[in-house]
Amino acid sequence: MKVIALGATMRGDDGFALALAQQVFASDARVELIIAGRPGPGLVDLLDTHAPVLLLDVVVSGHTPGSLHHFALAELPDHARALAQLSSHGFGPAEALELAKALGRTLPRGEFIGIEGARFDLGQEFSPDLLAARARFEALIRARADTLLDAEPQEQPCTSPV
């Protein structure tokens, strides 16, 4: 499984998904953890995988700070259009998925989990709303990661007839 965390560490809440992904997955050998920052169109290449993907981000959609957003990757572009701007990145995950589809790439199986942010100025600390929602965000991330890992095909030992 591949976990891709998006955001900017020095921009307040925008670094929240990055920090949490490192805490949760840094020592998990079953997971390829990618701290992607703000890859823009480069996210298309990060999504070019046969492994299931868990994509984590802090979003801006007008919901209450600390609200969680959870979608299948294939559904993300439709939800992003409905919410106007789901990502604080300008060219965010929904746009990357649409670009990948336009380029004829196969989208990976996986999920997007976002948390609504409030503070994005340079040098700000995480907002109280995100800190208060941390346990819910982490629990959802862990549960969905476990589900994706359990569904991932396991390599079978090679046997030959005797």
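- The two residues V58 and A17 come nearest to each other via the heavy atoms CG2-N, 3.9 Å.
- Residues that satisfy the side chain to side chain contact (heavy atoms under 4.5 Å, CB included) test with A132, not counting sequence neighbours, are absent from this structure.
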Criterion side-chain contact (heavy atoms from CB on, under 4.5 Å) on L47 and K2, from CA distance to verdict:
CA-CA 9 Å; L47 292 169; K2 185 185 273 192; over 6 Å; no

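- In terms of heavy-atom proximity, G37 sits nearest to L18 at N-CD2, 4.2 Å.
- Residues in residues 25-35 take part in these side-chain hydrogen bond (donor to acceptor under 3.5 Å, both in side chains) pairs, two or more places apart or across chains: D28-R30.
- Atom CZ of residue F16 and atom CG of residue L130 lie 4.5 Å apart, to the nearest 0.5 angstrom.
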Please table the atom pairs, donor to acceptor, closer than 3.5 Å between any side-chain atom in residues 137-146 and protein atoms at least two apart or in another chain.
unit_1: E138; atom_1: OE1; unit_2: R134; atom_2: NH1; d: 2.5
unit_1: E138; atom_1: OE2; unit_2: R142; atom_2: NE; d: 2.8
unit_1: E138; atom_1: OE2; unit_2: R142; atom_2: NH2; d: 2.9
unit_1: R144; atom_1: NE; unit_2: E111; atom_2: OE1; d: 2.7
unit_1: R144; atom_1: NE; unit_2: E111; atom_2: OE2; d: 3.3
unit_1: R144; atom_1: NH1; unit_2: T147; atom_2: OG1; d: 3.4
unit_1: R144; atom_1: NH2; unit_2: E111; atom_2: OE2; d: 2.6

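- Counting heavy atoms from C-beta on, the side chains of L6 and R38 never come closer than 4.5 Å.
- The nearest pair of heavy atoms linking Q22 to I35 is CG-CD1, 3.5 Å.
- Note: H69 and H63 have perpendicular aromatic rings, judged against thresholds of 30 and 60 degrees for the angle between ring planes.
- Minimum interatomic distance between A19 and F126 (heavy atoms only, all atoms of both residues): CB-CZ, 4.1 Å.
- The same ILVMFWY cluster, assembled from side-chain heavy atoms under 4.5 Å apart, contains both L56 and L131.
- I113 and H70 make their closest contact through CG1-CD2, 3.7 Å (heavy atoms, listed as atom of the first residue, atom of the second, distance).
- Shortest non-hydrogen contact noted between I4 and A36 is CG2-CB, 3.9 Å.
- The CG atom of D14 sits 11.5 Å away from the CG atom of L122 when rounded to the nearest 0.5 Å.
- Residue pairs meeting the salt bridge (charged side-chain N to carboxylate O under 4.0 Å, His left out) criterion with at least one partner in residues 117-128, sequence neighbours excluded, are absent.
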The test is side chain to side chain donor-acceptor pair (under 3.5 Å); show your working for S61 and E116 and say whether it passes.
CA-CA 7 Å; S61 69; E116 191 78 23; 2.7 Å; yes

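- Annotation: side chain to side chain contact (heavy atoms under 4.5 Å, CB included) contacts of A133 (sequence neighbours excluded): I115, R136.
- Q124 places no side-chain N or O within donor-acceptor distance of the main-chain N or O of D13, the cut-off being under 3.5 Å.
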